[in-house]
Number of protein chains: 2
Amino acid sequence: MAASEHPRMSDVAARAGVSLSTVSRALRGASGVAPEVRARVERAAAEMGYVVSRGASSLVTGLTGRIAVIVPFLQPWFFGVAMAGIHSHLRSVGTDMVVYEVGDTRALTDYLRTLPLRRNVDAVIAVSLRPGQDDLDQLDAIGLPIVFCSHRVTGFPSVFIDEAGAAEGATRHLLNLGHTRIAYVQAQDDTGFPWHSRLRLEGYRRAVERIGAEPVVVTGRPGVEGGALAAAELLSRDDIPTAVLTESDDLALGVLRALRRSRLAVPEVMSVVGFDDQESAALFDLTTVAQPVHRLGAEAGRLASGVLDGSVSGDTHVELPTGLVIRGTTAAPRRGPGLTG
Amino acid sequence: MAASEHPRMSDVAARAGVSLSTVSRALRGASGVAPEVRARVERAAAEMGYVVSRGASSLVTGLTGRIAVIVPFLQPWFFGVAMAGIHSHLRSVGTDMVVYEVGDTRALTDYLRTLPLRRNVDAVIAVSLRPGQDDLDQLDAIGLPIVFCSHRVTGFPSVFIDEAGAAEGATRHLLNLGHTRIAYVQAQDDTGFPWHSRLRLEGYRRAVERIGAEPVVVTGRPGVEGGALAAAELLSRDDIPTAVLTESDDLALGVLRALRRSRLAVPEVMSVVGFDDQESAALFDLTTVAQPVHRLGAEAGRLASGVLDGSVSGDTHVELPTGLVIRGTTAAPRRGPGLTG
DNA sequence: CTGTTAGCGCATTCAG
DNA sequence: CTGAATGCGCTAACAG
C-alpha cells in the first residue's frame, strides 16, 4: 500500500528549484508568477504526484473546499438526482461534497446540536429539508452559509419550484377535461419535516375548491406500494373519483398498478396524474408534472459556491419552471359533464 | 449569518481554567484526565459551541476523519442504497463521507490522475467499480487504503456477492421448472467498467450449457426502458424463449411491461426473473434474486474503518448471501417438457 | 516577479 | 495527572 511519505510542498520547491511560496502561488493559480516558472513548478508537482493538503491550507485560509449536503434519505430517486446535480456543479469548481443523511427532525436536531460541520465545511446545502426555528437558530450559530434546495426559506438562498402552482395546474388540467370528482393522494409523513406535500396539497385544494368541488384526500404509505393501497381505498368509496392526482410518480405508479389489477381501464375509468416525471413515468405513459430535479441540485450548488465567493447574496431565491407532461393516463371522463363526454 | 469568530481550543481552555493540552486530551477522550476536569472542559466546550477543527488536528495526526466513496452514478437505486449502508456505518464511528461520481473509466482515470483524495481522506470505498490495472497502480501510488464494494478484487479488502452463483441458481430454477429456451437480458455497458454483468452472464451460461441448451443473450439499453426494448427483440425471434433472466430488476420490469402491452400472459407465456429485489419487485410480484445491498454498503464501511484502525487486513474478503425470491412471474412452461407440463 | 518570515489550530513530546 | 514548548504543511503579508 505504498509508503505514506507523501511529498510536501517543500519537496516540490526543491525539485523545481524555487521557493516554497512560489510553489504555493503557482499551484494555486495566483497571479504574479512567471509563466515559465509556473510550468516548471507544475511539472515538478505532477512528477512527484504532489497534492496540496487541504487541511493545511484551510488552516490559514479558513476555507475547506468542502460543502455539506444534507438529505433526509439517500435512497429515493429524487435525492439521487438532486445530488447528481449538486455534484456536477461542485466538481466543476473543485469543491468536495460531503453527504449526511438525517432521516427525521430528531436526527436533524441531534445532528445540528453536535455541530460537526463547523469548520469542517464551508457551506451546507439542505435538500428537501426544512428545519424548525430551533434548528435554524442552531444553523445560524454555526455561522455557516446554508442554501435550501427544493424548499423556499426566507432569509436564506434557496432553489425551488412553484409546488402549489404546479399541483394547481395539474388539477386544473383534470378539471378542464371535465372531471369533477378528483382525489389527491399523498404519502404519510413520518419524518416530521414540513414537506412539499403541504404545498402541493394546497395547490390541489385551491383548484378544486374554486369550482366548488369537494377535496378528497387520501394519505397513505409512501412509495409505489403506498400508491397501490391508496388506490384500494379510493376504489372502496361510495363515489369513486374519476381522476386522481398524486404527490409523486411513485404513488401514481402504485395507483396504476392497483387499477390494472382491478381491470379498471386508465384513463377510461380513472385518469391519473403524477408528480416528478422520473424515468418510469414515460415508460408507463403517465401524465405527470415534470420538475427539473437535476437543475435544482446544480443551481443549489451554484448558489452555495456563489455565497462563498460573494457573488450571491444572503437571500437569493431561484424558482425553476415545472411543466405538465400530458401522456396517456389522462382523458375526459367517460360519462361526465366534460368537454368530450 | 453570525460572526465567523468560532472559539478555538485556547478559548475553551481559558473558560475551563486549564491548559490547552488538557482540553485536547479531555475532548479527545484520551486517558489521563481527572474525571472532574474532563467534565468541566466538556461543559465549557459545549457552552461555547466549540468544535475541533479537523483540518488542524489532521495536520498533526495525519488522519482526516473522512472517507471517500466513489460511485459510477449517483442516481440509480443500487447506489443510493449502498451509500445509505456505508453512511449508516460511518456515522456510527464519526467519520464523514465524501462522495464522488465517476461515470466511466475515463472519468475515473482522469480523476485518479489528479489524485484529489490524497491527504484529504483516510480511505476510499469504490462501489461497483473495477479500476483497470493502470488505475490500480495510481491508487496504489496514492497510498490510501481502498476497499471495493460489490466487486471482488484480489489484494484489496472487498465485499461482494456470488454474482455468478446467484445467476446460475436463478437459471437453474427456470430449468427445474422445465424451461429449455431461456434468454438472458443485460444492459449495454457504456462505462467501460467490467460490471457484475459479466459474472452474472457467466453463471447463466454455466447453467444453460450444462443441459446442452443454447444461450440466448440480448444486450440492450439500461433501465426499465431498455428492458422493454429487449423484450421486443426477444418477441421477434423465431423461437421465442419461454423464460428470461435479466441482469437487474429494472430490466425485468421493462420486460414485464412489454409483455403486458403485447397481451402475453406472465408467467403462462413467459417466465421472468430479475436481479436485485428492489422495492418495486415485490409490488410487481417479480421473481428475483435478492441481494443485500444495504449490508454490502455497511460492510464496506466497516472494512474501511477497520483497515484504518488495523483490525482488518489488506485483503479481507466478505461474501454476502443472496437468495432467490420466488414470486408470481415464474412457473412451468405451458406446453414444455417440464415437470408440470 | 520571487524569497523570507510568521503564524493558522491543534496533538504531542517532554517536564513537572 | 497537568502545563509549556515544538512543529504538522501551508498561505499571507512583507521585503527584495
Side-chain angles (χ1 to χ4, degrees), chain A residues 4-42 44-45 48-66 94 115-122 143, chain B residues 4-42 44-45 48-66 94 115-122 143:
Chain A
S4 61
E5 296 304 326
H6 303 300
R8 47 192 99 182
M9 197 174 261
S10 58
D11 297 325
V12 179
R15 177 163 189 139
V18 295
S19 79
L20 198 71
S21 42
T22 298
V23 176
S24 173
R25 280 188 282 255
L27 259 30
R28 208 152 15 93
S31 63
V33 179
E36 182 219 50
V37 175
R38 185 185 299 272
R40 188 146 40 96
V41 170
E42 276 167 351
M48 310 178 72
Y50 171 78
V51 179
V52 307
S53 158
R54 276 187 170 151
S57 56
S58 77
L59 199 52
V60 28
T61 60
L63 257 31
T64 63
R66 237 169 282 130
L115 304 177
L117 324 101
R118 177 184 287 183
R119 309 170 86 199
N120 291 314
V121 297
D122 298 332
Chain B
S4 61
E5 297 305 326
H6 303 301
R8 49 193 98 181
M9 199 173 260
S10 60
D11 297 324
V12 180
R15 177 162 190 139
V18 294
S19 79
L20 197 72
S21 37
T22 298
V23 176
S24 173
R25 282 188 280 256
L27 258 32
R28 207 148 20 87
S31 63
V33 180
E36 182 218 53
V37 175
R38 186 186 299 275
R40 188 147 39 95
V41 170
E42 276 167 352
M48 310 177 75
Y50 171 79
V51 178
V52 307
S53 160
R54 279 190 167 150
S57 56
S58 78
L59 200 51
V60 27
T61 61
L63 257 30
T64 62
R66 237 168 281 131
L115 304 177
L117 325 103
R118 176 183 289 184
R119 306 170 88 196
N120 291 314
V121 298
D122 297 332

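The chains referred to below are lettered A, B, ... by the order of the sequence lines, with proteins before strands, and numbering in each begins at 1.
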Novice: Which dot-bracket notation, 5' to 3', represents the base pairing of DNA chain D when pairs are defined as Watson-Crick or G-U with both distances under 3.5 Å, crossing pairs as [ ], and inter-strand pairs as |?
Specialist: ||||||||||||||||
Novice: Who are the side-chain contact (heavy atoms from CB on, under 4.5 Å) partners of Arg38(A), not counting sequence neighbours?
Specialist: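 So Arg38(A) forms a side-chain contact (heavy atoms from CB on, under 4.5 Å) with Ala26(A), Val33(A), Glu42(A).
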Novice: What's the spacing between Thr61(B) OG1 and Arg54(B) CZ if we round to 0.5 Å?
Specialist: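 Thr61(B) OG1 to Arg54(B) CZ: 10.5 Å, rounded to 0.5 Å.
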Novice: With heavy-atom distances below 4.5 Å as the criterion, would you say the side chains of Thr64(A) and Asn120(A) are in contact?
Specialist: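 Counting from C-beta outward, Thr64(A) and Asn120(A) never come under 4.5 Å.
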Novice: So which of residues 22-41 of chain A are in contact with DNA chain D, with a heavy-atom cut-off of under 4.0 Å?
Specialist: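 When residues 22-41 of chain A is checked for heavy atoms under 4.0 Å from DNA chain D, the hits, listed by number, are Ser24(A), Arg25(A), Arg28(A).
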Novice: Are any non-hydrogen side-chain atoms of Ser10(B) and Leu20(B) less than 4.5 angstrom apart?
Specialist: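 Side chain of Ser10(B) against side chain of Leu20(B), heavy atoms only: contact under 4.5 Å found.
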Novice: Categorize Ser21(B) for me: base, sugar-phosphate, or nothing, with a 4.0 angstrom heavy-atom threshold over every strand shown.
Specialist: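 Base: the residue Ser21(B), judged by heavy atoms under 4.0 Å, touches a nucleobase.
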Novice: Quick one: salt bridge (charged side-chain N to carboxylate O under 4.0 Å, His left out) pairs with a partner in residues 15-25 of chain B, sequence neighbours left out?
Specialist: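 Qualifying pairs, neighbours excluded: Arg15(B)-Glu47(B).
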Novice: Checking Thr22(A) now: which residues fulfil side chain to side chain donor-acceptor pair (under 3.5 Å) with it, not counting sequence neighbours?
Specialist: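 In terms of side chain to side chain donor-acceptor pair (under 3.5 Å), with neighbours along the sequence ignored, Thr22(A) is linked to Ser19(A).
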Novice: For DNA chain C, what residues of residues 10-18 of chain B have any heavy atom nearer than 4.0 Å?
Specialist: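 Heavy-atom cutoff 4.0 Å gives no residues at all.
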Novice: List every contact pair, protein side and nucleotides 7-9 of chain D side both N or O, where the distance is under 3.5 Å.
Specialist:
from: dG9(D); atom 1: OP2; to: Arg8(A); atom 2: NH1; distance (Å): 2.5
from: dG9(D); atom 1: O3'; to: Arg119(B); atom 2: NH2; distance (Å): 3.2
from: dG9(D); atom 1: N2; to: Ala56(A); atom 2: O; distance (Å): 3.2

Novice: Need two values: the first and the last nucleotide of DNA chain C, 5' to 3', having an atom under 4.0 Å from any heavy-atom of chain B.
Specialist: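 So the contact region on DNA chain C extends dG9(C) to dT12(C).
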Novice: Between OG of Ser21(B) and CE of Met9(B), what distance do you get to the nearest 0.5 Å?
Specialist: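 CE of Met9(B) is found 9.5 Å from OG of Ser21(B).
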Novice: What pairs with Ala45(A) under side-chain contact (heavy atoms from CB on, under 4.5 Å), at least two apart in sequence or on another chain?
Specialist: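 For Ala45(A), the residues satisfying side-chain contact (heavy atoms from CB on, under 4.5 Å) (neighbours in sequence not counted) are Val12(A), Leu27(A), Tyr50(A).
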Novice: For Ser24(A), which residues count as a side chain to side chain donor-acceptor pair (under 3.5 Å) partner, sequence neighbours excluded?
Specialist: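 Arg28(A).
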Novice: Give me the atom names and distance for the closest heavy-atom approach of Gly55(B) to Ser58(B).
Specialist: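 Where Gly55(B) meets Ser58(B) most closely, the heavy atoms are O-OG, 3.1 Å.
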Novice: Check whether any side-chain heavy atom of Asp11(B) lies under 4.5 Å from a side-chain heavy atom of Met48(B), and answer yes or no.
Specialist: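 They are in side-chain contact.
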